[in-house]
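For clarity, every value in this text was computed on a predicted model and none was experimentally measured.
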Amino acid sequence: MPGHRSITEAEKLAAAKLGGFPIRRDQMAAVANIYRAASAVRQHLENSVLRGSDLTWTAFVVLWVVWVWGESETRHVAEEAGISKGTLTGVARTLESRGLLRRTDHPTDGRLVLLRLTDEGEEFMRRVFPAFNEEEAFVTARLSDEECRSLAEGLRTVVLQVEQHGEERRQELLNGEEPAPRRSGRRPRA
């Protein structure tokens, strides 16, 4: 199994492997680097500022969503955090046991659960977020402010494309069929 390769090495290997394929190389590189950048940033933040707070990336994102949006239904928090409702249930229980989050029943619909930060959770985010933001500045240190704005706008455009047209494209690619359900803990068959 190959060891860790730099981004430059990975790009050269991919170019060599795909030399004869009629592909859109710039688009491939953009998507591959979105993934690689997201993974690198997540790993750095988990292993630095979040480690000191004994938080995973996902737990921090859940706290962030509830901190910014205020009390919210679990389905909305899961959607904003980009996780399943099942994953959110486990994360919310952990955060609740740490005294950072409170789960309550919805006042008019017993099927729904609301999440809100406790006073301790509010204080925690006010204390931890500045350190988190310092690491955001660290990972973007080689970019100018203008380059950061441009990158953010470009990524926002990618997100909007998927949000606005992704479902239509999925339907087109699958001829209107629903995707096969994911198997728990297993990779899709090739």
Side-chain angles (χ1 to χ4, degrees), residues 2-51 53 55-70 72-85 87-88 91 125-126 128-176 178-179 182 187-188:
H4 175 77
R5 298 195 190 279
S6 73
I7 192 167
T8 305
E9 290 172 306
E11 287 172 345
K12 286 179 183 176
L13 288 169
K17 180 63 90 176
L18 300 171
F21 287 88
I23 59 171
R24 296 177 176 179
R25 293 182 195 290
D26 291 337
Q27 290 75 8
M28 178 187 74
V31 171
N33 287 329
I34 288 169
Y35 173 78
R36 252 189 119 136
S39 295
V41 168
R42 178 179 178 157
Q43 185 176 10
H44 173 75
L45 289 165
E46 280 188 333
N47 289 327
S48 60
V49 69
L50 296 180
R51 178 163 289 180
S53 301
L55 282 182
T56 64
W57 174 267
T58 302
F60 181 79
V61 170
V62 168
L63 288 173
W64 167 260
V65 168
V66 178
W67 189 45
V68 170
W69 289 89
S72 302
E73 292 178 18
T74 53
R75 60 185 170 161
H76 298 304
V77 174
E79 184 178 324
E80 283 297 317
I83 59 176
S84 70
K85 289 190 289 183
T87 297
L88 176 61
V91 171
M125 288 302 289
R126 283 192 300 273
V128 171
F129 184 71
F132 187 91
N133 183 247
E134 279 301 311
E135 293 312 300
E136 291 175 318
F138 168 78
V139 301
T140 58
R142 291 187 180 190
L143 300 174
S144 68
D145 289 348
E146 179 56 38
E147 287 169 324
C148 284
R149 282 189 294 275
S150 180
L151 175 61
E153 188 57 38
L155 293 172
R156 197 173 292 113
T157 301
V158 169
V159 170
L160 287 172
Q161 171 66 10
V162 174
E163 285 179 351
Q164 294 172 356
H165 304 288
E167 179 61 19
E168 178 184 325
R169 178 68 171 169
R170 183 191 65 76
Q171 290 283 333
E172 180 184 310
L173 291 172
L174 297 177
N175 295 320
E178 287 298 314
R182 290 186 183 195
R187 298 181 89 179

Counting only heavy atoms from other residues, nucleotides and ligands, does the tally under 6.0 Å from CD of Glu147 exceed 12? yes

Please name the pair of heavy atoms, one in Ala78 and one in Leu88, separated by the smallest distance, quoted to 0.1 Å. N-CD2, 3.7 Å

What distance do Gln43 atom CD and Asn47 atom CG have between them, rounded to the nearest 0.5 Å? 5.5 Å

Taking side chain as C-beta onward, heavy atoms only, is Trp69 less than 4.5 Å from Glu80? yes

Would you compute the distance between atom OG1 of Thr140 and atom CG of Leu151 and round it to the nearest 0.5 angstrom? 9.0 Å

Any side-chain heavy-atom pair of Glu178 and Gln171 under 4.5 Å: yes

Could you tell me whether a side-chain N or O of Thr87 sits under 3.5 Å from a main-chain N or O of Lys85, the two making a donor and an acceptor? no

Check this for me: Glu73, atom CD, are more than 12 non-hydrogen atoms of other residues, nucleotides or ligands nearer than 6.0 Å? yes

Side-chain contact test, heavy atoms from C-beta onward, threshold under 4.5 Å: evaluate it for Arg42 versus Thr58 and give yes or no. yes

Rounded at 0.5 Å granularity, tell me how far CD in Glu172 sits from NE2 in His165. 12.0 Å

So how far is it from His76 NE2 to Thr74 OG1, rounded to the nearest 0.5 Å? 8.5 Å

Any sub-3.5 Å donor-acceptor pair from Ser39's side-chain atoms to Tyr35's backbone N or O? yes

Please name all residues satisfying salt bridge (charged side-chain N to carboxylate O under 4.0 Å, His left out) with Glu163, sequence neighbours left out, ordered by chain then number. none

Among Val65, Leu50, Val49, exactly one meets side-chain contact (heavy atoms from CB on, under 4.5 Å) together with Phe60. Which residue is that? Leu50

Does some side-chain heavy atom of Val62 sit less than 4.5 Å from a side-chain heavy atom of Ile83? yes

Counting only heavy atoms not in Glu79, do more than 12 fall under 6.0 Å of its CD? no

Of Trp57, Phe138, Phe132, which meets ring pair (Phe, Tyr, Trp, His ring centres under 6.0 Å) against His44? Phe138

Roughly how far, to the nearest 0.5 Å, is CZ of Arg36 from OG of Ser6? 7.0 Å

Distance, nearest 0.5 Å, that separates OG of Ser144 from CZ of Arg142: 14.0 Å

